[in-house]
Amino acid sequence: MPPQPHHDTPRHIVPPEATPPSAAAPAASVNTAAERAALAQGTEESAQHSLEQSASTGAVHSDTSLSPFAPLSVPVFRMLWLTWVAANTCMWMNDVAAAWLMTTLTTSPVLVALVQSASTLPVFLLGLPSGALADILDRRRYFMATQFWVAAVAVVLAFAIVSGGMTAPLLLALTFANGIGLAMRWPVFAAIVPELVSRPQLPAALALNGVAMNASRIVGPLLAGAIIASAGSAWVFVLNAVLSVLSGLVIMRWKREHVPSPLGRERLPSAMRVGVQFVRQSPRMRAVLWRISVFFLHATALMALLPLVAKGLEGGGAGTFTLLLASMGAGAIVAALFLPRLRQAMPRDALVLRGTLVQAAATGVMAWAPNVYVAVPAMVLAGMAWITTANTLSVSAQLALPNWVRARGMSIYQMSIMGATAAGAALWGQVASLTDVQTSLGLAAVSGGIVMAVVQRLVADRAIEEDLSPSSAFKAPTAPTPPEAGRVVVTIEYFIHPARATEFRAVMQESRRSRLRQGALHWQLMHDISNPTRYVERIEDESWTEHLRRFDRVTASDVALRERKLAFHTGDAPPKVTRWTVER
């Protein structure tokens, strides 16, 4: 094998004592480009080590446990999970109270329906920005701030009701503001969970999150209904404010050490671009997004049309609707207890397909259920299939994301769910209006299983599981005069034997995905016409700082990829690396 260079090492390196200034990095604590590069390289590793220590606290004897309750043995996870239960209970209480309050302010069906839109629209609109912020800010403080935001909105809602100043437009605006808090909260909590538990316990931890959501779906509306009946809607918002403040104070007790990057914070537009780029260049994430979108596009038909199904049952009414919702939540909770065994018994795609088929069967039964004695067991099965499929795909998404981009990736995952849910509700509602509820549910059931099988065949996840742990094998470069502005272009020159050119090109496509996932703007592979053995890899970065940031995102998988590329190089010297700045 030819000599192996440091990754992307320039031909001329300044000595360590050189002190060129960098406009992008903070100068107060880091005085040289070399120090900045070294600190930046160590940041992710230090953070990962800290997170592993935090996750292992109180869980020394349960790391290998597959019990669905094993994550609760970790004190920090238990504390934040209870906070998550309270936050979701507040969410359901708020939705019920706002919807009921709107019926007392207006008789317009449109305004009543807009309450749900105002609550969920921010999750779709702000999912990616909130994920980017959760990746570039201190996650503990960010999570805490979302709780205080929700509490402040609840206080304003209660004051407006008590003072007699509540109107329909104001209620919609405040509901939207509350939705902003929900939109900002979900990605950061999704990114926090893998920090709190060991990797074997991650599926169980995510299942417990599903239990929290479904339990709060039952408790929240019941609690809100009791308060509204006995004391009035204002007191629901008062309780929400109190619980949200208490949750924020609990989060303050979490002793998480935030390790800021010596390169400074990423700019929000750049952070969002990199998040989208990572997901686009990750075969595993693309496969997960296809599957979760197809599942929710069809499964949401049952939830969207459930009020009409409940009304059409023998003796059906509001109580029947509540019973069906509770049955679905109970099914989800029961299924969470068996998920560890199911994951051991079958591979991911088989579990997703079978979960989809069970969901489709439950939807088909609900389409023609004559009474609650048939409908309740079907809803229990629907809840079991729902959490099994969603949890399986959520675990796959978490494992496909390194820590530095986790919140952004999970926010895109959540946006896919929200978008598929909205599209599915509109689609199957329209089908029901053109035909009838039974036909719409029947079509959703049949097409759901068929489309999922087709997607699994066409969008197969054939990628091997990558080791996304941070690596310090690639040393960040220094320069005599770091460029203050302008894009940076890196060229790497390889000499490849013509007989191995096809294999080399295939490996370089993996290099393309790797560079773009790290944040590069563009990538090209150029072939010298006059010398068929000469290839030049060209990578373009947004700036010198963003170029250095890529070295802080290197994983063990990237290191293995470099070894594979170097195995093709036939030159006596290592591949020549040159860095350029693009003059304006």
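As a basis for the values below, the full set of heavy atoms in this structure was taken, side chains included, without hydrogen atoms, waters or symmetry mates. Counting from 1, the numbers follow the sequence of the chain as shown.
- Closest approach of Leu249 to Phe148, counting heavy atoms only: N-CZ, 4.3 Å.
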field: Residues Trp254, Ile192; criterion side chain to side chain contact (heavy atoms under 4.5 Å, CB included); working and verdict
entry: CA-CA 12 Å; Trp254 178 25; Ile192 284 171; 3.6 Å; yes
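- For the pair Val451/Leu297, no side-chain contact is recorded, criterion being any heavy-atom separation below 4.5 Å from C-beta on.
- Other residues, nucleotides and ligands contribute more than 12 heavy atoms inside 6.0 Å of the CE atom of Met346.
- Residue Asn209 is tested with Asn391, Val85, Val193 for a side-chain contact (heavy atoms from CB on, under 4.5 Å); the sole match is Val193.
- Looking at Thr146, its side chain never comes within 3.5 Å of a backbone N or O of Gly181 through a donor-acceptor pair.
- When all heavy atoms are compared, the tightest approach of Ala271 to Ala132 is CB-CB, 4.0 Å.
- Between Trp386 and Phe296, the gap from one ring centroid to the other is short of 6.0 Å.
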Side chains of residues 221-231: which donor-acceptor pairs under 3.5 Å do they make with residues two or more places apart or in other chains?
from	atom 1	to	atom 2	distance (Å)
Ser230	OG	Ala226	O	2.8
Ser230	OG	Ile227	O	3.4

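- Taking the side chain as every heavy atom from C-beta outward, Gln359 and Thr389 never approach each other to under 4.5 Å.
- Residues Ala98 and Phe237 approach most closely at N-CZ, 4.1 Å, considering heavy atoms.
- In terms of modelled atom types and a separation under 3.5 Å, the side chain of Ser244 and the main chain of Ala241 share no donor-acceptor contact.
- Counting only distance, with no hydrogens or angles, the side chain of Arg291 and the backbone of Ala287 share a donor-acceptor pair below 3.5 Å.
- At least one side-chain heavy atom of Met410 sits less than 4.5 Å from a side-chain heavy atom of Ser394.
- Under the 3.5 Å distance criterion, the side-chain polar atoms of Arg284 are left unmatched by any main-chain donor or acceptor of Ala400.
- Note: Ile136 CD1 to Leu268 CG = 5.5 Å, rounded to the nearest 0.5 Å.
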task: Any chance you could lay out the side chain to side chain contact (heavy atoms under 4.5 Å, CB included) test for Leu302 and Met379, step after step, and finish with the verdict?
output: CA-CA 9 Å; Leu302 181 57; Met379 290 302 293; 3.9 Å; yes
- prompt: Val274 and Arg553: side chain to side chain contact (heavy atoms under 4.5 Å, CB included), yes or no, with the steps?
  reply: CA-CA 12 Å; Val274 172; Arg553 297 166 177 168; 3.9 Å; yes
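- In this structure a side-chain-to-backbone donor-acceptor pair under 3.5 Å is missing from Gln414 to Gly409.
- Side-chain contact check for Arg348 versus Val288: some heavy-atom pair is nearer than 4.5 Å.
- Across every non-hydrogen atom of Trp84 and Ala212, the tightest pair is CD1-CB, 4.0 Å.
- A donor-acceptor contact shorter than 3.5 Å is absent between the side chain of Ser270 and the backbone of Arg267.
- The pair Arg139-Glu195 meets the salt-bridge criterion, since a charged nitrogen lies less than 4.0 angstrom from a carboxylate oxygen.
- Residue Lys311 holds its NZ atom at 7.5 Å from CG of Leu308, rounded to the nearest 0.5 Å.
- Counting heavy-atom neighbours within 6.0 Å of Trp149 CH2, excluding the residue itself, gives a total of 12 or less.
- Distance check, rounded to the nearest 0.5 Å: CG of Leu157 to CG of Asn240 gives 9.0 Å.
- Val554 approaches Gln518 most closely through the heavy-atom pair CG2-NE2, 4.2 Å.
- Ring pair Trp428/His298 is tilted by interplanar angle, where 30° to 60° counts as tilted.
- Contact annotation: the side chain of Asp135 never approaches that of Trp404 to less than 4.5 Å [non-hydrogen atoms, C-beta and beyond].
- Distance CD1/Ile387 to CG/Leu339: 6.0 Å, rounded to 0.5 Å.
- Separating the CG atom in Leu393 from the CG atom in Leu289 is a distance of 9.5 Å, to the nearest 0.5 Å.
- A salt bridge links Glu266 to Arg408: at least one charged side-chain nitrogen sits closer than 4.0 Å to a carboxylate oxygen.
- Within the 4.5 Å cutoff, the side chain of Leu401 has heavy atoms near those of the Phe278 side chain.
- Here the CG-CE distance, from Leu174 to Met166, works out to 5.5 Å after rounding to the nearest 0.5 Å.
- A side-chain donor-acceptor contact under 3.5 Å links Ser411 to the backbone of Gly127.
- Closest heavy-atom contact between Ala183 and Pro122: CB-O, 3.3 Å.
- Side-chain contact between Ser282 and Arg517: present, with at least one pair of heavy atoms (C-beta onward) separated by less than 4.5 Å.
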field: Steps toward side chain to side chain contact (heavy atoms under 4.5 Å, CB included) verdict (Leu208, Phe69)
entry: CA-CA 8 Å; Leu208 285 171; Phe69 302 107; 4.3 Å; yes
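- You'll find the side chain of Trp186 stays beyond 4.5 Å of the side chain of Val123, heavy atoms only.
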